[in-house]
Each structure stands twice: as structure tokens, then as C-alpha cells.
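Working notes, structure below.
The structure presented is a predicted model; accordingly, all values stated were derived computationally and were not measured.
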Amino acid sequence: MFRPLELFIGLRYTRAKRRNQFISFISTVSIVCIAISVTALITVMSVMNGFDSELRTRILGAIAHVTVSGIGETVQDWPRAVKVAEGTGHVLGAAPYVETQAFLQARRPSGAVIRGIVPSLEPKVSDIDKHMVSGKLTDLTDRSWKIVLGRELALTLGVDVGDKVTVVVPQFTATPMGAVPKLRSFTVSGVFELGMQEYDANLALVSMEDAQRLNGLDGPTGIRLKLDDMRLAFPVARTLVNQLGQAYRVETWMDTHSNFFSAIEMEKRVMFIILSLIILVAVINLISMLMMLVTDKQADIAILRTLGSTPRSIMGMFMVQGVLVGIVGIAFGVLLGAVLSINLPVIVKGIEHVTGKSFLSPDVYYISELPSQLMWSDVGWVVVVTFLFALLATLYPAWRASRTQPAQALRYE
């Protein structure tokens with residue numbers, strides 16, 4: 001549709017100094033509105049990407065990307081299973097563990113998950129060692145009977161490093177007074193804070209040997225794996241199932257937290273649709289500008305028609321103008337959105353420093369800084385959607401221009 005003639009005249013109309021300055025003003029407003037809408041959409045999507053990435057990092061810093069467990073209580077021939085897992089592609093590390101539900105008693109009682117770990121292998125599969133508030137994981141040695149608590153769990157129990165905690169597990173022993181649960185006193189040797197309520201308030205770590213002895217087990221209950229790309233968890237799990245055989249059960253983080261991350265993804269899509277409506281509102285200004293321009297150029301359109309221009313050619317001339325305004329608005333919007341998204345954490349810190357108020361108070365939120373992660377795939381979708389809206393906005397005014405009758409338009413000239 002856009003032959004050189006239509007493109008030349010459309011660009012000439014855009015560059016020309018119009019007699020009606022109000023049309024120029026509306027054109028500028030259309031560009032500004034489109035740019036602001038694109039900037040807002042890119043920034044909001046970047047913030048949501050930042051929160052998504054932050055939550056994934058925090059959650060997957062405590063859980064395994066892939067978990068291998070046995071059919072029974074323990075994993076059969078677990079050293080072989082660890083060797084096979086470490087030899088599988090995309091696996092960065094593997095570590096055995098023992099996990100059980102327990103009841104903890106100190107100044108106040110609380111339930112928790114007791115996880116027995118190997119301190120030297122745990123950094124290969126989790127980031128808990130990087131989030132220690134006090135103490136260190138290497139204190140969890142065999143027969144040390146030491147325990148590391150999540151910060152919220154420690155506050156609930158009312159204990160600190162050096163205090164005693166009684167751990168009761170659902171394993172019963174026969175006594176003259178009947179069956180009683182197993183219990184053991186542990187010394188708090190450390191406190192960690194991952195920033196996720198699920199783990200800070202419900203997870204306690206001990207050495208794997210102590211956990212086995214406490215639960216009467218002769219091996220780990222599972223093996224936790226960390227991958228170089230968590231999105232490959234499913235194909236890696238399928239490979240492990242084929243290599244290990246039927247005596248093992250393999251689960252991924254997608255199986256245990258799929259609903260949570262699906263909800264985040266759905267929220268992101270809904271937000272994209274809602275903010276796209278803002279772009280649609282901004283494009284309405286473009287329709288108004290083109291309609292006034294068509295009215296202002298009635299005489300020019302009539303002359304072009306008498307010189308042989310077809311309705312299709314006239315339509316192309318005005319579509320060029322509308323699309324050009326959209327492209328300029330998109331270009332400014334992408335530039336501003338990218339700059340704002342990249343520098344948003346710094347900008348927010350500056351505003352907090354000036355106003356003295358925190359947007360995300362660490363006393364209330366576990367993520368105290370506003371995260372932002374610019375993804376160019378999202379920018380591409382924003383550009384495509386905005387361009388389509390701008391293109392559709394030009395159709396009706398351009399069609400009206402193509403329907404202009406030369407005799408009627410030149411009657412009063």
C-alpha cells in the first residue's frame with residue numbers, strides 16, 4: 001500500500017508547518033501519551049519480573065531443583081544414586097538429606113521440619129550458608145547434637161545461639177509406662193534468614209547422622225540436586241528416572257511449587273492486558289488528531305484525487321502519518337522505559353533517602369528493596385502491541401480521507 005508517492009506525501013504532511021496549530025498540539029500529545037504508556041508498561045513488567053526472580057531465588061535457595069527419594073523410608077544405595085545424579089547433564093551438585101516433622105520445645109513450643117544435612121555438601125544444593133545471621137553450618141557435626149534454626153522459628157521458640165531446644169519426633173519406643181515418642185536435647189548453634197516465611201518459621205537443620213540416629217534410620221530419606229538452569233528440571237528428572245530405575249522416585253520444584261509460580265505468571269499476564277488498555281486510551285488521541293487532519297486537508301485530498309490518486313493511495317498517505325506518530329511514541333517510550341527499569345532500584349533508594357520513608361519496610365516485607373529485571377522479550381511484546389494499536393487507529397481516519405469527493409471538497413474553495 002505504501003508506494004513511494006504515499007510515503008513521500010505522508011512524511012511531507014508530518015514535517016510541514018500546519019496552519020492549524022491545534023492539530024500539531026494534538027499530535028504532540030499523542031506522541032507523549034503513547035510514550036508514557038509504553039514507559040509505564042515496560043517499567044511495571046520489569047518490576048514484576050524482578051519480584052518473580054527474587055521469589056524464585058529465595059524459594060529455590062532453600063529447596064532443591066530436583067529431589068530423588070526411595071520407595072521406602074530411605075534411599076537404597078544412596079552413594080551410587082549421588083554418583084549417577086552428579087554425572088547427569090546440567091546437575092551442579094547433589095547432597096543427601098534426612099527430613100522429618102518434629103515438635104520443638106524451649107521457652108515456647110512450635111512445630112517444624114527437621115532436615116538432616118551434610119554441611120560440606122549442602123552449599124552445592126542450597127544458599128542457606130549465605131544467609132546465616134549467626135553461627136555456621138559446619139558446626140553441625142556427627143554427635144554434636146547442634147541445631148540451626150530459621151530466624152522466625154528461633155523467635156517463636158524464644159531462643160538464641162547457645163540455648164537448648166528439645167526435639168520430639170514421631171518415633172515411639174516401648175517403656176514400662178507404654179510407648180513414648182523419641183526426644184533429644186539440641187544446642188542452638190546458628191540462625192539463618194532466607195527472607196521467606198515458609199522456611200524461616202518452619203525449618204531447622206541438624207547433621208544428617210544425628211537426624212538418622214534420632215529417627216532410627218540407616219540412610220538418607222532423599223537426595224537434593226541443584227541444576228545450572230532450573231527450567232530444565234523436568235527433562236533432567238526424566239533422565240534420572242531412566243538411569244536410576246524403578247526403586248527411586250524423582251520430583252522437581254515444579255511439582256511442589258507449580259501453583260505458586262503459575263499464579264505469579266498469571267498475574268503478570270493480567271497486568272500486561274490491563275496496562276495495554278492504557279495504551280489503547282493513548283491511541284484514541286491519535287484517532288482524534290488524524291480526524292482533524294483529514295478535515296483540515298480536504299482541499300489537498302480533492303486536488304490529489306483530481307490528479308489521479310486512488311482512494312487506496314489517499315488512505316496510504318494518512319496511514320503513514322498515524323504510523324509515524326506511533327513509531328516516534330514507541331521509540332521514546334522504549335528508551336525511557338529501559339532507562340527507568342534499569343535504574344529503578346537506585347531511583348527508589350534516592351527517593352527513600354530524600355523523603356525518609358521506605359516503600360517496602362523490612363519490618364513488614366521480606367523483600368525490602370524494589371527489584372527490577374528488564375527482559376527484552378517483554379519489550380518486544382510491548383512494541384508489537386502498541387504498533388498494532390497505532391496501526392488500527394489510523395484505519396478509520398484514513399478510510400474517511402479516501403472517501404472524500406473532490407467536487408464537494410472544492411465547492412467553497
Only counting residues at least two apart or in another chain, list the ones meeting ring-ring contact (aromatic ring centres under 6.0 Å, His included) with Trp78. none
More than 12 heavy atoms from other groups under 6.0 Å of CD on Gln243: yes
Compare every heavy atom of Val161 with every heavy atom of Ser134, then report the nearest pair and how far apart it is. OG-CG2, 3.2 Å
Met375 vs Met45, side chain to side chain contact (heavy atoms under 4.5 Å, CB included): CA-CA, chis, key distance, verdict: CA-CA 8 Å; Met375 296 183 63; Met45 297 296 290; over 6 Å; no
Asp200 versus Leu194, closest heavy-atom pair with distance: OD1-N, 2.8 Å
For residues 91-101, which side-chain N or O atoms pair as donor and acceptor with protein atoms under 3.5 Å away, sequence neighbours left out?
residue, atom, partner, partner atom, Å
Glu99, OE1, Arg115, NE, 3.0
Glu99, OE1, Arg115, NH2, 3.3

Any non-hydrogen side-chain atom of Leu214 less than 4.5 Å from a side-chain atom of Val206? no
With rounding to the nearest 0.5 Å, note down the distance linking CG in Leu140 to OG in Ser189. 5.0 Å
For Asp218, the salt bridge (charged side-chain N to carboxylate O under 4.0 Å, His left out) test, sequence neighbours excluded, returns none
Work out which heavy atom in Ala393 is nearest to a heavy atom in Leu286; give both atom names and the distance. CB-CD2, 4.1 Å
With a 3.5 Å distance limit and no angle check, can you tell me whether Thr39 reaches the backbone of Gly333 through a side-chain donor-acceptor pair? yes
Is any side-chain heavy atom of Phe192 closer than 4.5 Å to a side-chain heavy atom of Leu153? no
Chi angles and distances behind the side chain to side chain contact (heavy atoms under 4.5 Å, CB included) call for Trp253, Thr67: CA-CA 8 Å; Trp253 67 270; Thr67 302; over 6 Å; no
Taking the side chain as C-beta and beyond, is there a heavy-atom pair between Leu149 and Leu104 under 4.5 Å? yes
Just verifying a value: how many Å separate Ser46 OG and Leu340 CG, rounded to the nearest 0.5 Å? 8.5 Å
Value rounded to 0.5 Å, distance of OG in Ser126 from CD1 in Ile117: 7.0 Å
Atom CZ in Phe387, atom CD1 in Ile330: separation rounded to 0.5 Å? 7.0 Å
For the CZ atom on Phe272, are there more than 12 heavy atoms of other groups (residues, nucleotides or ligands in this structure) within a distance under 6.0 Å? yes
Any sub-3.5 Å donor-acceptor pair from Asp210's side-chain atoms to Arg143's backbone N or O? yes
Identified side chain to side chain contact (heavy atoms under 4.5 Å, CB included) counterpart of Thr239 within the set Val84, Thr88, Val250: Thr88
Between Asn242 and Arg238, is there a donor-acceptor pair closer than 3.5 Å when you use the side chain of the first and the backbone of the second? yes
Are Lys124 and Val118 packed together at the side-chain level, in the sense that at least one heavy-atom pair is separated by less than 4.5 angstrom? no
Value for CG (Leu137) from CD (Glu122), rounded to nearest 0.5 Å, stands at 7.0 Å
Before you tell me yes or no, could you show the steps for Glu193 and His131 under side chain to side chain contact (heavy atoms under 4.5 Å, CB included), namely the whole-Å CA-CA distance, both residues' side-chain angles and the distance that decides it to 0.1 Å? CA-CA 6 Å; Glu193 184 178 14; His131 297 274; 5.6 Å; no
Check the pair Trp145 / Arg213 against side chain to side chain contact (heavy atoms under 4.5 Å, CB included), numbers first and verdict last. CA-CA 11 Å; Trp145 302 109; Arg213 200 171 293 111; 4.0 Å; yes
State the CG-CZ distance between Leu244 and Arg80, to the nearest 0.5 angstrom. 6.0 Å
Please report the shortest heavy-atom distance between Val159 and Lys164, naming the atom on each side. CG1-O, 4.2 Å
Between Ser341 and Pro345, the two heavy atoms sitting closest are O-CD, 4.2 Å
Do side-chain atoms of Arg224 reach the backbone of Val125 as a donor and acceptor pair under 3.5 angstrom? no
Between Gln212 and Pro220, is there a side-chain heavy-atom distance shorter than 4.5 Å? yes
Ignoring hydrogens and geometry, is there a side-chain-to-backbone donor-acceptor pair from Thr394 to Leu391 under 3.5 Å? yes
On a heavy-atom basis, which atom in Val283 and which in Phe389 lie closest, and how many Å separate them? CG1-O, 3.5 Å
A side-chain contact here means heavy atoms from C-beta on lying under 4.5 Å apart; do Thr252 and Val236 qualify? no
Ile42 and Leu374, any side-chain heavy atoms less than 4.5 Å apart: yes
